[in-house]
Amino acid sequence: MSTRIAFLKGHGTENDFVIVPDPENAIDLSPAAVAALCDRRAGIGGDGLLHIVRSAAHPEARVMAAEAEWFMDYRNGDGSIAEMCGNGARVFARYLLHAGLVPEGDLAIATRAGVKSVHLAKDGDITVGMGRARLPEGDVAVSVGERTWPARNVNMGNPHAVAFVDDLAHAGDLYSPPPFSPASAYPDGVNVEFVVDRGPRHVALRVHERGSGETRSCGTGACAVAVAAARRDGADPSVTGNPATYTVDVPGGRLVITERPGGEIEMTGPAVIVAEGEIDPEWLENAAH
């Protein structure tokens, strides 16, 4: 392990991340080390960790290296591996711009959910091409306390259960994962979104992210919510032939989600780098065990 381990801290609509630049994939980030770094009291603190690696240097990303130079090796706050993180992708792109590794404009980023297209706008907003949603068949329900709601099963490269509720307070404290049924719908767990209407094509959510608890924002969750809302509202772009754009308020800010008639989903929002420094390598070594 090198003696100098750089880190940055960033957030997208207050979904915050520890950023570890490691172009040659030289740092061994065990699940325990990631969990320690993301610990808000004993570590740096974050909902997740963005391990920034050249695609050619990472065994999971080498096949994407010709399309995307950089791989987002994303980890949840508990150290587990995740397929994709929408807010994380914006912060990842913001870091690459901040570090002078890419210019403004269009960018491709490799993720475990495939190569994602990103646009870095001059006004500071970042748009991420989030791919297409899959809508698995079958009824799903989620519960909090005595209440149970039907939910829409939406897969954005990671699994979501979207429940429309009357009051966001009904989601409870979201410290622990809301129960869902049937268990077979989500064998690897699920992100659960509770959603209320704010106005035409305007909703607000709270989310429990698997592996992280309640977070201030979830990009793939906001996309899943927009997809579910469009179906509920009779605005499915594949049926109407028109794009469907929803404003999605999250506890940490606002995202704008557009689903195209061909199925492609775009998410636009801010991303900020707030600090940078160095990780004590001895501390990390001890934390890794």
When you measure from the side chain of Ser181 to the backbone N and O of Ala183, does any donor-acceptor pair fall under 3.5 Å? no
Can you check whether Phe7 reaches Leu37 side chain to side chain, under 4.5 Å on heavy atoms? no
Report yes if some heavy atom in the side chain of Pro23 is under 4.5 Å from a heavy atom in the side chain of Leu101; otherwise report no. no
Between the side chains of Arg232 and Asp197, is the shortest nitrogen-to-carboxylate-oxygen separation below 4.0 Å, so that they form an ion pair? yes
Is it the case that the side chain of Arg75 and the backbone of Ile81 share a donor-acceptor pair, with hydrogens and angles ignored and the cut-off at 3.5 Å? no
If hydrophobic clusters are built from ILVMFWY residues whose side chains come within less than 4.5 Å, do Leu97 and Tyr95 share one? yes
State the CG-CG distance between Leu135 and Asp236, to the nearest 0.5 angstrom. 8.0 Å
Is there a path of hydrophobic side-chain contacts, each under 4.5 Å between heavy atoms of I, L, V, M, F, W or Y residues, that connects Val34 with Ile27? yes
Grouping I, L, V, M, F, W and Y whenever their side-chain heavy atoms are under 4.5 Å apart, do Ile126 and Trp70 come out in a common cluster? yes
Do the ring planes of His58 and His51 sit parallel (below 30°), tilted (30 to 60°) or perpendicular (above 60°)? perpendicular
In this structure, are over 12 heavy atoms from other groups packed under 6.0 Å from Asp166 atom CG? no
Non-hydrogen atoms of Arg90 and Val128 that approach each other most closely: CG-CG2, 3.5 Å
Give a yes or no on whether the backbone of Pro159 and the side-chain of Asn191 come within a donor-acceptor separation of less than 3.5 Å. yes
Tyr186 side-chain N/O to His160 backbone N/O, donor-acceptor pair under 3.5 Å: yes
Check whether Trp283 and Leu49 end up in the same hydrophobic cluster, where Ile, Leu, Val, Met, Phe, Trp and Tyr are linked by side-chain heavy atoms less than 4.5 Å apart. yes
Out of curiosity, does Val248 fall in the hydrophobic cluster containing Phe164 (side-chain heavy atoms, cut-off under 4.5 Å, transitive links)? yes
Taking every non-hydrogen atom, the tightest pair across Ala32 and Ala288: CB-O, 3.7 Å
Given Val192, which of Leu174, Val142, Val162 fulfils the side-chain contact (heavy atoms from CB on, under 4.5 Å) condition? Val142
Does any non-hydrogen side-chain atom of Arg216 lie less than 4.5 Å from one of His11? no
Should Asp188 and Arg210 count as side-chain neighbours, where that means a heavy-atom distance under 4.5 Å? yes
Scanning both residues in full, the closest heavy-atom pair of Val196 with Asp167 reads CG1-N, 3.8 Å
Can you tell whether the side chains of Asp47 and Arg40 come within less than 4.0 Å, N to carboxylate O? yes
Sub-4.5 Å side-chain heavy-atom contact between Val225 and Val154: no
Quick check: closest heavy atoms across Val91 and Gly12, and the distance to 0.1 Å? CG2-N, 3.5 Å
Examine distances only and state if a side-chain atom of Ser55 and a backbone atom of Met64 form a donor-acceptor pair shorter than 3.5 Å. no
Distance-only, no hydrogens or angles: does the Asp173 side chain make a donor-acceptor pair with backbone N or O of Tyr175 under 3.5 Å? yes
Do Met156 and Met84 have side-chain heavy atoms sitting under 4.5 Å apart? no
Would you mind reporting whether Tyr74 and Phe92 have side-chain heavy atoms less than 4.5 Å apart? no
Please evaluate residues Arg132 and Glu264 with respect to the criterion salt bridge (Lys or Arg N to Asp or Glu O under 4.0 Å), reporting the C-alpha separation (whole Å), side-chain torsions for both, the decisive distance (0.1 Å), and the verdict. CA-CA 5 Å; Arg132 293 172 168 80; Glu264 283 293 321; 2.8 Å; yes
Inter-residue atom distance Thr111.OG1 - Phe71.CZ, 0.5 Å rounding: 7.5 Å
Side-chain donor-acceptor pair present, Glu266, His119, cut-off under 3.5 Å: no
For Val207 against Cys218, the heavy-atom pair lying closest together: CG1-CB, 3.8 Å
Work out which heavy atom in Leu107 is nearest to a heavy atom in Ala93; give both atom names and the distance. CD2-CB, 4.0 Å
Kindly say whether Gly86 contributes a backbone atom to a donor-acceptor pair with the side chain of Lys116 at under 3.5 angstrom? no
So which of Thr127, Thr245, Thr268 actually passes side-chain contact (heavy atoms from CB on, under 4.5 Å) with Thr258? Thr245
Glu278 atom CD: more than 12 heavy-atom contacts under 6.0 Å: yes
Between Arg134 (side chain only) and Asn155 (backbone N and O only), is there a donor and an acceptor less than 3.5 Å apart? no
Whether Arg94 side chain and Gly124 backbone form a donor-acceptor pair below 3.5 Å: yes
Does atom CG of Asp125 have more than 12 heavy-atom neighbours, drawn from other residues, nucleotides or ligands, at distances under 6.0 Å? yes
Is there a side-chain contact between Glu276 and His98, using heavy atoms and a 4.5 Å cut-off? yes
